[in-house]
Peer 1: 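One structure coming up, written as structure tokens, with questions to follow.
These figures come from a predicted structure and were not determined experimentally. Residues: numbered from 1 along the sequence shown.
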Amino acid sequence: MDGQDVIIRARVHTLRAQGSKMIFINLRQRTDSVQALLALADGKVSKPMLKWTEGLGDESIVLVYGTVK
């Protein structure tokens, strides 16, 4: 599925910020899990979005749109 766009609805299991430019997010749905990376990108992801994401609590339900790598 490399390069395909996907939409995932899942719960935030854990969050880990790496500096001020990227956040690793472990998402889970029942017994399946996937790791997502949110990184600062001009015109796509802003610093306020990163800050908002850092504030998400465990078990928050999110809808993620991304590209598989």
Side-chain angles (χ1 to χ4, degrees):
M1 291 185 68
D2 190 29
Q4 290 185 355
D5 292 335
V6 294
I7 298 174
I8 299 171
R9 178 178 291 129
R11 293 185 185 270
V12 174
H13 186 66
T14 58
L15 288 170
R16 187 179 74 239
Q18 286 293 121
S20 63
K21 295 187 178 184
M22 69 176 79
I23 300 173
F24 288 96
I25 309 165
N26 289 326
L27 303 167
R28 70 172 177 78
Q29 187 177 52
R30 296 185 184 170
T31 59
D32 299 321
S33 65
V34 65
Q35 185 178 64
L37 171 64
L38 182 65
L40 188 63
D42 290 336
K44 292 185 179 183
V45 178
S46 64
K47 283 196 176 196
M49 183 64 181
L50 288 170
K51 189 77 169 168
W52 179 84
T53 303
E54 280 185 270
L56 288 173
D58 291 349
E59 300 301 316
S60 296
I61 297 173
V62 295
L63 185 64
V64 177
Y65 174 81
T67 305
V68 176
K69 297 279 181 183

Peer 1: Rounded at 0.5 Å granularity, tell me how far OG in Ser20 sits from NZ in Lys51.
Peer 2: 9.5 Å
Peer 1: From Leu38 CG over to Gln18 CD, what is the distance, rounded to the nearest 0.5 angstrom?
Peer 2: 13.0 Å
Peer 1: Indicate the atoms forming the closest heavy-atom contact of Ile61 with Arg9, along with that distance.
Peer 2: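 Taking Ile61 first and Arg9 second, the nearest heavy atoms are CG2-CG, 4.0 Å.
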Peer 1: Could you check whether any side-chain N or O of Arg28 sits under 3.5 Å from a backbone N or O of Ser33, counting only pairs where one atom can act as donor and the other as acceptor?
Peer 2: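 Between the backbone of Ser33 and the side chain of Arg28 there is no qualifying donor-acceptor contact (under 3.5 Å).
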Peer 1: Just to verify, what does Val62 make a side-chain contact (heavy atoms from CB on, under 4.5 Å) with, not counting sequence neighbours?
Peer 2: Val12, Leu27, Leu56, Val64
Peer 1: Going from CG on Leu50 to CE on Met22, what distance comes out if it is rounded to the nearest 0.5 angstrom?
Peer 2: 9.5 Å
Peer 1: Could you walk me through whether Tyr65 and Asp5 satisfy the side chain to side chain contact (heavy atoms under 4.5 Å, CB included) test, starting with their C-alpha distance in whole Å, then the side-chain angles of each, then the deciding distance to 0.1 Å, before giving a yes or no?
Peer 2: CA-CA 7 Å; Tyr65 174 81; Asp5 292 335; 3.1 Å; yes
Peer 1: Once you round to the nearest 0.5 Å, how far does CE of Met49 lie from NZ of Lys44?
Peer 2: 14.0 Å
Peer 1: Is there a path of hydrophobic side-chain contacts, each under 4.5 Å between heavy atoms, that joins Ile23 and Trp52?
Peer 2: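 Looking at the clustering, Trp52 is in the same group as Ile23.
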Peer 1: Keeping Gln35 on the side-chain end and Ile25 on the backbone end, is there a donor-acceptor pair under 3.5 Å?
Peer 2: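 No; zero donor-acceptor contacts below 3.5 Å.
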Peer 1: Between Ile8 and Val34, is any pair of side-chain heavy atoms under 4.5 Å apart?
Peer 2: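 Of all side-chain heavy-atom pairs linking Val34 with Ile8, at least one is under 4.5 Å.
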Peer 1: Please find the pair of heavy atoms, one from Lys47 and one from Leu40, that lie closest to each other, and give the distance.
Peer 2: N-CD1, 3.6 Å
Peer 1: Please report the closest heavy-atom contact between Lys69 and Asp2, naming both atoms and the distance.
Peer 2: CA-OD1, 3.3 Å
